[in-house]
Amino acid sequence: MKIEIQDLHFTYPTGIQAVRGVSLTIHPGEQVAIIGQNGAGKTTLVKHLNGLLKPSSGSVQIGDWDTRNHSVARLAGRVGYVFQNPDEQLFSKNVGAEVAFGPRNLGMKAEQVQSQIEDALTMTELSDKTETNPYDLSPTWRKMVALASVIAMNTDIVVFDEPTTGQDAANIARIANAIKLLRERGKTVITITHDIDFCAENFERVIAMSQGQILLDGKANDVLGQEEILTTTYVDPPQLTRLGKRLGFKNTVSNQEEFLAELKKVIER
């Protein structure tokens, strides 16, 4: 399901112009990370995808739907949104009920609902916590409950808002694995993140924003290698990217595999 954004502008009632003339296309199955300093317009932009915000001008198309013509409830069947703070979206008495709510609300048949629940719980390693109240879990596990509740809805598009904030290494690995599995299923995954190393390791396309506009948009290595422009957004390239440049690597690297491959070339020269 393609996302098509045309000349999007959005101004809050306070007069703050948070998005200014953004146009972009995201094709089905793409993995896209949106980076930039606080106030760059990242969250405002992605909240247009599921109708939480409506354009002041311009348009947002999700497949053949213009978001201005559809409610948040209807768009929830196409775009799943995992909030930065899971406490903003958890409300059920136990994990099982929380994960079941979304697919049931979308009108799925009972058999499909059960299948989606089991799949989401397995993917997020929550199968042994179905009877637990989400608020009896640690913040890291509550994040996984929020993720499972979205995965269970089986939407074509999944949006993560700062998925690694406040998470330990083990849970970041779980989130990365979930993104990998979603990618293998052909889902479009979009994330807002300040975690540039996580971005480099898990996303093939990166969009850098500043002051409500897109500064850079392209393959991860191409964008993350433009250190001078990224500096204007108060974002540093990944540590391995910076180290590779200092070592004189010919190609930009952004993860361990690429770094080791380039280092091998240097050694063999």
Side-chain angles (χ1 to χ4, degrees), residues 1-3 26 28-31 46-47 49-52 62-65 67 70-164 166-168 170-191 202:
M1 191 170 293
K2 186 166 73 170
I3 299 169
I26 298 175
E30 279 200 277
Q31 315 295 300
V46 299
K47 282 185 174 180
L49 301 182
N50 66 348
L52 287 172
I62 306 297
D64 57 352
W65 285 6
T67 60
H70 297 275
S71 66
V72 174
R74 291 202 70 198
L75 286 164
R78 295 192 171 192
V79 182
Y81 196 115
V82 184
F83 286 77
Q84 177 177 347
N85 181 359
D87 295 350
E88 293 180 1
Q89 65 187 102
L90 301 179
F91 57 87
S92 297
K93 63 182 180 179
N94 61 51
V95 170
E98 188 71 52
V99 177
F101 178 83
R104 285 176 179 159
N105 199 48
L106 291 177
M108 294 182 187
K109 294 181 180 179
E111 201 171 281
Q112 185 182 5
V113 168
Q114 190 57 39
S115 174
Q116 292 298 128
I117 292 170
E118 291 174 2
D119 177 61
L121 291 172
T122 299
M123 189 185 297
T124 54
E125 302 181 27
L126 287 166
S127 297
D128 61 342
K129 297 177 173 62
T130 55
E131 299 303 318
T132 305
N133 187 304
Y135 290 96
D136 289 334
L137 296 172
S138 68
T140 55
W141 280 110
R142 288 204 296 276
K143 188 81 163 186
M144 299 311 292
V145 177
L147 174 54
S149 70
V150 170
I151 290 172
M153 296 169 72
N154 196 29
T155 57
D156 288 328
I157 300 163
V158 181
V159 178
F160 293 85
D161 192 343
E162 297 288 359
T164 62
Q167 304 301 300
D168 58 26
N171 221 45
I172 289 173
R174 292 186 189 99
I175 294 168
N177 185 60
I179 289 171
K180 175 178 175 289
L181 294 173
L182 290 170
R183 177 171 61 246
E184 291 172 354
R185 296 177 182 186
K187 304 294 187 183
T188 301
V189 180
I190 301 167
T191 192
N202 295 284

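The analysis underlying the following values was restricted to heavy atoms, covering all of them including side chains, and did not include hydrogens, waters or symmetry mates.
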Query raised in the report: Where do I62 and I3 land on the side chain to side chain contact (heavy atoms under 4.5 Å, CB included) test, with the steps shown first?
Result: CA-CA 5 Å; I62 306 297; I3 299 169; 4.0 Å; yes
Requested in this report: Only counting residues at least two apart or in another chain, list the ones meeting ring pair (Phe, Tyr, Trp, His ring centres under 6.0 Å) with F91.
Outcome: F101
Query raised in the report: For the atom pair CG (D156) and CG (L182), what is the distance rounded to the nearest 0.5 Å?
Result: 11.5 Å
Query raised in the report: Between Q114 and E118, does any side-chain donor sit less than 3.5 Å from a side-chain acceptor?
Result: yes
Requested in this report: Verify, without hydrogens or angle tests, whether T155 (side chain) and V158 (backbone) share a donor-acceptor contact under 3.5 angstrom.
Outcome: no
Report task. Would you check if the side chain of N94 reaches a backbone N or O of N133 as a donor-acceptor pair within less than 3.5 Å? Result -> no
**Report entry** V99 vs V95, side chain to side chain contact (heavy atoms under 4.5 Å, CB included): CA-CA, chis, key distance, verdict
**Finding:** CA-CA 6 Å; V99 177; V95 170; 4.2 Å; yes
Query - Donor on one side chain, acceptor on other, N177 and R174, under 3.5 Å - result: no
Query raised in the report: From L121 CG over to E98 CD, what is the distance, rounded to the nearest 0.5 angstrom?
Result: 11.5 Å
Requested in this report: Would you please name every residue forming a side-chain contact (heavy atoms from CB on, under 4.5 Å) with V159, sequence neighbours left out?
Outcome: V46, L49, V79, Y81, I157, I190
Requested in this report: Might you confirm whether atom CZ of R183 has over 12 heavy atoms from other residues, nucleotides or ligands at distances under 6.0 Å?
Outcome: yes
Query raised in the report: Can you list every pair that meets salt bridge (charged side-chain N to carboxylate O under 4.0 Å, His left out) and has a residue in residues 127-148, with sequence neighbours left out?
Result: D87-R142
Requested in this report: Rounded to the nearest 0.5 Å, what's the gap from CG on L75 to NE2 on H70? Could you check?
Outcome: 7.0 Å
Query raised in the report: Is there a side-chain contact between P103 and Q112 (heavy atoms, below 4.5 Å)?
Result: no
Query - Minimum heavy-atom distance M108-A152, with the two atoms named - result: CE-O, 4.1 Å
Requested in this report: Among residues two or more places apart or on two chains, list those pairs meeting ring-ring contact (aromatic ring centres under 6.0 Å, His included) that have a residue in residues 138-157.
Outcome: none
**Report entry** Distance-only polar pair, side chains of K187 and N154, donor-acceptor under 3.5 Å
**Finding:** yes
Report summary line: Here the gap from T67 atom OG1 to R78 atom CZ, rounded to the nearest 0.5 Å, amounts to 11.5 Å
Requested in this report: List the atom of Q167, the atom of P163, and the distance in Å for their closest heavy-atom pair.
Outcome: CG-O, 3.4 Å
Report summary line: Distance col, row Q31:CD vs I179:CD1, nearest 0.5 angstrom, shows 8.0 Å
Query - Closest non-hydrogen atom pair, N202 against A176 - result: OD1-CB, 3.5 Å
Query raised in the report: Would a 4.5 Å heavy-atom cut-off, applied to side chains only, mark I175 and M144 as touching?
Result: yes
**Report entry** Least distance between heavy atoms, S92 atom then P134 atom
**Finding:** O-CD, 3.6 Å
Report task. Please name the pair of heavy atoms, one in A148 and one in L126, separated by the smallest distance, quoted to 0.1 Å. Result -> CB-CD1, 3.9 Å
Report task. Enter the distance from I117:CD1 to I151:CD1 here, rounded to the nearest 0.5 Å. Result -> 13.5 Å
Requested in this report: With sequence neighbours left out, write down each residue that passes ring pair (Phe, Tyr, Trp, His ring centres under 6.0 Å) with F160, or none if nothing qualifies.
Outcome: none
Query raised in the report: Within a reach of under 6.0 Å around CD of E184, are more than 12 heavy atoms found that belong to other residues, nucleotides or ligands?
Result: yes
Query raised in the report: Considering residues at least two apart in sequence or located in another chain, which fulfil the side-chain contact (heavy atoms from CB on, under 4.5 Å) criterion with L52?
Result: K47, N50, V72, F83
